[in-house]
Amino acid sequence: MEENATNQSADQRARRKDATRNRAALIAAGAELFDAAGMMPTLDDVARRAGVGVGTAYRHFPNKYVLAQAVLAETMEAMLDAAERAATMEDAAAGLTAFFEAVLEPQASKRALGELLRSTQTSEPDANDVQSRVERCIELLLQRGREQRVIRADLAATDIGVLMSVMTHLIETFGEADPQLWRRFVPILLDGLRADAPSPLPGEALSREQFLTRLLGAKG
């Protein structure tokens, strides 16, 4: 009895290990194909690229949009991890540069990401958590930048959010013509955030409520 139970347990562990490996292979293949061709590839295409059976693919993901959601979640997590590392950099100016690059580079280099975020058949994973993590990064960078006197004191967190939205729109509008065009404008943007920027900011920054209302309304 004990030997049978041990063998069954070993078989179950092996099956779980295979399932985990197949799922990871499907997500990696999905990311590769979606980045190359947007949402055109089918789940069958992904299964072939991953080297797994079509039946296995459908056991993990009932359709390509569910797979796309898993790809999006992994991409967003990697992006947020990079943004959080940037926010902890000792040099606030360098950290702010790294933050913008961490958030913008995946949007420009991964063709599927923008399509997935705009798709009516997928939804951004845990949007509140994403927004909260991004806000924490911005607050940390602004606080350290003010302490080091390298970031202008009249800058609000929502100002950074608006600038991020502008850069995202730039990528959406001109990215197909030149996927790296956004890099030309990051230094221009960052020069305006420096403590020695020549002109004070007129008017008031958006409140967090105003910013999120307009941001989420635009996405909807």
Side-chain angles (χ1 to χ4, degrees), residues 1-89 98-137 164 168 171-172 175-176 179-180 182-183 219:
M1 291 285 290
E2 285 187 19
E3 184 177 351
N4 288 339
T6 300
N7 289 338
Q8 278 187 336
S9 178
D11 288 343
Q12 288 172 350
R13 286 196 298 271
R15 285 195 294 271
R16 285 196 295 269
K17 187 174 181 180
D18 284 344
T20 299
R21 183 169 56 247
N22 288 337
R23 178 182 171 83
L26 287 164
I27 291 174
E32 183 180 346
L33 288 177
F34 294 151
D35 286 345
M39 292 302 297
M40 290 296 294
T42 66
L43 193 54
D44 290 19
D45 296 329
V46 176
R48 284 192 291 271
R49 178 61 63 90
V52 305
V54 172
T56 297
Y58 279 92
R59 280 196 296 275
H60 284 281
F61 303 103
N63 57 62
K64 69 178 181 180
Y65 295 103
V66 176
L67 170 61
Q69 192 67 21
V71 171
L72 176 59
E74 286 211 353
T75 303
M76 294 292 289
E77 186 63 30
M79 182 185 76
L80 289 167
D81 285 347
E84 287 170 344
R85 287 193 299 272
T88 61
M89 292 174 65
F99 171 78
F100 272 93
E101 290 177 347
V103 175
L104 296 173
E105 195 279 332
Q107 297 182 57
S109 65
K110 296 182 179 296
R111 177 176 175 182
L113 180 59
E115 289 192 32
L116 291 173
L117 289 172
R118 294 189 296 273
S119 173
T120 59
Q121 300 193 56
T122 60
S123 58
E124 186 175 324
D126 204 348
N128 288 334
D129 180 59
V130 170
Q131 185 63 35
S132 295
R133 289 172 68 178
V134 169
E135 287 179 358
R136 284 196 296 271
C137 291
M164 294 299 306
T168 296
I171 291 170
E172 292 174 357
E176 189 171 345
Q180 298 302 312
W182 65 274
R183 294 186 182 278
K219 286 186 176 181

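Counting begins at 1 with the first residue of the sequence.
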(request) Measure across A47 and V54 and return the closest heavy-atom pair with its distance rounded to 0.1 Å. (result) CB-CA, 4.1 Å

(message) Assess, by modelled atom type and distance only, whether the side chains of D45 and T42 contain a donor and an acceptor separated by less than 3.5 Å.
(response) yes

(request) Could you walk me through whether W182 and E105 pass the side-chain contact (heavy atoms from CB on, under 4.5 Å) test, one step at a time? (result) CA-CA 9 Å; W182 65 274; E105 195 279 332; 3.9 Å; yes

(request) Locate the shortest heavy-atom distance separating A98 from M89; write the atom from each residue and the value. (result) CB-SD, 3.7 Å

(message) Tell me the closest heavy-atom pair linking A50 and A25, and the distance in Å.
(response) CB-O, 3.6 Å

(message) Measuring only between side-chain heavy atoms, which start at C-beta, is Y58 closer than 4.5 Å to D44?
(response) yes

(request) Verify the neighbour count for atom CD of E176: are there more than 12 heavy atoms of other residues, nucleotides or ligands below 6.0 Å? (result) no

(message) Taking the side chain as everything from C-beta on, heavy atoms only, tell me whether E77 gets closer than 4.5 Å to R133.
(response) yes

(message) Counting C-beta onward and ignoring hydrogens, is there a side-chain heavy-atom pair between F61 and V46 closer than 4.5 Å?
(response) no

(request) Would you check if there is a donor-acceptor pair between the side chains of T56 and R59 at a distance under 3.5 Å? (result) yes

(request) Indicate the atoms forming the closest heavy-atom contact of P106 with E101, along with that distance. (result) CD-O, 4.1 Å

(request) Can you sort out the partners of E74 under salt bridge (charged side-chain N to carboxylate O under 4.0 Å, His left out), two or more places apart, ordered by chain and number? (result) none

(message) For a side-chain contact (heavy atoms from CB on, under 4.5 Å) check, start with the C-alpha distance between F99 and V134, then their side-chain angles and the critical distance, and finish with the verdict.
(response) CA-CA 10 Å; F99 171 78; V134 169; 4.1 Å; yes

(message) Looking at every heavy atom in both M164 and V103, which two are closest together, and how far apart are they?
(response) CE-CG1, 3.2 Å

